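Nothing here was measured: the structure is a model prediction, and the numbers come from that model.
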Amino acid sequence: MEYVELLNRLTVDCKDDGKQFRKQDRIHEVKALLENSDYELLGEGNLSLLYGKSAGEGNTYRTLVSSHVDCVYKNCFVEDEDELCWKGTFDNSATNAAVIDLMLRGELDESVLVAFTGDEEKDSAGAIEIMQMLGRMECRVGKALVLDVTNEGWEEEAAFSIENDRGFDIITGYHIVGLLQASCTACVLVHEAEPDETWEYGKGIGPEMPGIPCLSLCLPVCGNMHGEDGVLLRKSSVTPYEDILRNLANAVF
């Protein structure tokens, strides 16, 4: 299945009241797309889904990839703007489609967990629920990658941005920069950006699940990300975005 097909299927409504999903069209699509995949639904909460493969040694995972599914739009849509861009309500179906594309093509390591969360637009209760779930499962996670769309980097024609990095030691920082340089792709770095789920994953929920080193890997778009008119997404950004997502998720550091 091509990325644009996934984008069309996932650009549908999904809303919650901060306690549970009230509109679940996108949740149903995520489940349907992954039903016959190599991934198992390891946990389901009122505001989250957690997918993975067999546990790593000692129930330790290399990476948690987290992509929120809640949106604020009244009407979701996707359309071809021109040969260069799609236009649509892509917060955050654009990165939902990217990570599911990698999952279906078997490009993520077995030590990568994938979460789909709600309430990101308000209090990040879905991310907190995932942390609680990991604590109950006695999982340990090396790093978290939070996926979202952003206005950062659009003017620079960047294929992706790195935002809100926190908790990484200097050696890991060098490894991350090395992967960015090896991608030979324009990107932007925004150390302190708008609040997102990194604030929760980086903070942790106590001794049972301490904070995880994390960053946001964002896909640049043009326009009001919450507006009913939608935003522009460069078609050329998708492949390099998926490439750096795969490389960061699978990286051993």
Side-chain angles (χ1 to χ4, degrees), residues 6 10 26-27 29-31 33-70 92 95-120 124-148 164-168 172 176 179 196-206 208-218 241-253:
L6 294 169
L10 291 162
R26 198 178 309 180
I27 295 293
E29 286 293 341
V30 169
K31 288 182 175 180
L33 286 164
L34 296 175
E35 184 176 12
N36 296 314
S37 72
D38 293 334
Y39 284 83
E40 178 184 352
L41 182 58
L42 300 178
E44 181 173 2
N46 292 329
L47 289 167
S48 60
L49 302 173
L50 181 66
Y51 283 90
K53 298 183 180 179
S54 57
E57 184 177 352
N59 218 23
T60 297
Y61 291 87
R62 188 173 300 161
T63 308
L64 169 69
V65 177
S66 183
S67 181
H68 80 84
V69 292
D70 57 312
N92 183 33
T95 77
N96 301 158
V99 69
I100 288 178
D101 194 18
L102 293 178
M103 294 168 78
L104 293 177
R105 291 195 276 115
E107 296 198 17
L108 297 179
D109 190 89
E110 289 185 352
S111 64
V112 177
L113 295 168
V114 181
F116 299 97
T117 59
D119 193 50
E120 189 274 346
S124 293
I128 295 170
E129 193 172 81
I130 288 293
M131 294 288 280
Q132 294 169 338
M133 196 179 298
L134 293 173
R136 290 193 299 271
M137 295 166 62
E138 298 185 342
C139 289
R140 288 296 174 262
V141 177
K143 62 182 178 295
L145 305 177
V146 173
L147 311 186
D148 211 341
N164 288 332
D165 55 293
R166 58 191 70 236
F168 292 102
T172 301
I176 292 172
L179 286 177
D196 61 16
E197 291 182 334
T198 58
W199 292 38
E200 299 302 332
Y201 288 125
K203 181 172 59 179
I205 56 171
E208 70 275 17
M209 195 62 205
I212 306 172
C214 56
L215 57 81
S216 291
L217 179 62
C218 299
Y241 180 81
E242 289 190 353
D243 286 346
I244 194 65
L245 170 55
R246 179 188 64 244
N247 292 340
L248 285 169
N250 293 344
V252 183
F253 55 67

Heavy-atom side-chain contact between [X] and [Y] under 4.5 Å:
X: Phe253; Y: Lys143; answer: yes
X: Val65; Y: Leu113; answer: no
X: Met209; Y: Arg140; answer: yes
X: Tyr51; Y: Leu34; answer: yes
X: Leu134; Y: Leu64; answer: yes
X: Leu10; Y: Leu33; answer: yes
X: Phe116; Y: Val99; answer: yes

Requested in this report: Using the test ring pair (Phe, Tyr, Trp, His ring centres under 6.0 Å), find all partners of Phe168 that sit at least two apart in sequence or belong to another chain.
Outcome: none
Do you know the tightest heavy-atom contact between [X] and [Y]?
X: Ser66; Y: Tyr201; answer: OG-OH, 2.8 Å
X: Met131; Y: Pro210; answer: CE-O, 3.7 Å
X: Tyr61; Y: Ser111; answer: CB-O, 3.4 Å
X: Pro213; Y: Gly142; answer: CD-O, 3.6 Å
X: Gly202; Y: Cys214; answer: N-SG, 3.7 Å

Query raised in the report: What pairs with Asp109 under salt bridge (Lys or Arg N to Asp or Glu O under 4.0 Å), at least two apart in sequence or on another chain?
Result: Arg62
Query - salt bridge (Lys or Arg N to Asp or Glu O under 4.0 Å) against Glu200, all qualifying residues, sequence neighbours excluded - result: Lys203
For [X], which residues count as a side chain to side chain donor-acceptor pair (under 3.5 Å) partner, sequence neighbours excluded?
X: Thr172; result: Asp169
X: Asn250; result: none
X: Ser67; result: Asn92, Thr95, Asn96
X: Glu29; result: Arg9

Query raised in the report: Looking at residues at least two apart in the chain, or sitting in another chain, which of them share a side chain to side chain contact (heavy atoms under 4.5 Å, CB included) with Asp196?
Result: Glu120, Asn164, Thr198, Trp199, Ser216
List the atom pairs, donor and acceptor, that lie under 3.5 Å between side-chain atoms in residues 41-48 and the rest of the protein, sequence neighbours left out.
{"from": "Glu44", "atom 1": "OE1", "to": "Lys31", "atom 2": "NZ", "distance (Å)": "3.3"}
{"from": "Glu44", "atom 1": "OE2", "to": "Lys31", "atom 2": "NZ", "distance (Å)": "2.7"}
{"from": "Ser48", "atom 1": "OG", "to": "Glu129", "atom 2": "OE1", "distance (Å)": "2.6"}

Requested in this report: Please report the C-alpha distance between Leu215 and Arg166 in whole Å, then the side-chain angles of each, then the deciding distance to 0.1 Å, and finally whether the side chain to side chain contact (heavy atoms under 4.5 Å, CB included) criterion is met.
Outcome: CA-CA 6 Å; Leu215 57 81; Arg166 58 191 70 236; over 6 Å; no
Kindly say whether [Y] contributes a backbone atom to a donor-acceptor pair with the side chain of [X] at under 3.5 angstrom?
X: Tyr241; Y: Leu217; value: yes
X: Asp70; Y: Gly118; value: no
X: Thr63; Y: Ala249; value: yes
X: Lys53; Y: Val112; value: no

Report task. Could you tell me the separation between the OG1 atom of Thr117 and the CG atom of Leu50, rounded to the nearest 0.5 Å? Result -> 11.0 Å
Distance-only donor-acceptor pairs under 3.5 Å for side chains of residues 100-108, two or more places apart:
{"from": "Asp101", "atom 1": "OD1", "to": "Arg105", "atom 2": "NE", "distance (Å)": "3.1"}
{"from": "Asp101", "atom 1": "OD2", "to": "Arg105", "atom 2": "NH2", "distance (Å)": "3.2"}
{"from": "Arg105", "atom 1": "NH1", "to": "Glu107", "atom 2": "OE2", "distance (Å)": "2.2"}
{"from": "Arg105", "atom 1": "NH2", "to": "Glu242", "atom 2": "OE1", "distance (Å)": "2.7"}
{"from": "Glu107", "atom 1": "OE1", "to": "Arg246", "atom 2": "NH1", "distance (Å)": "2.9"}

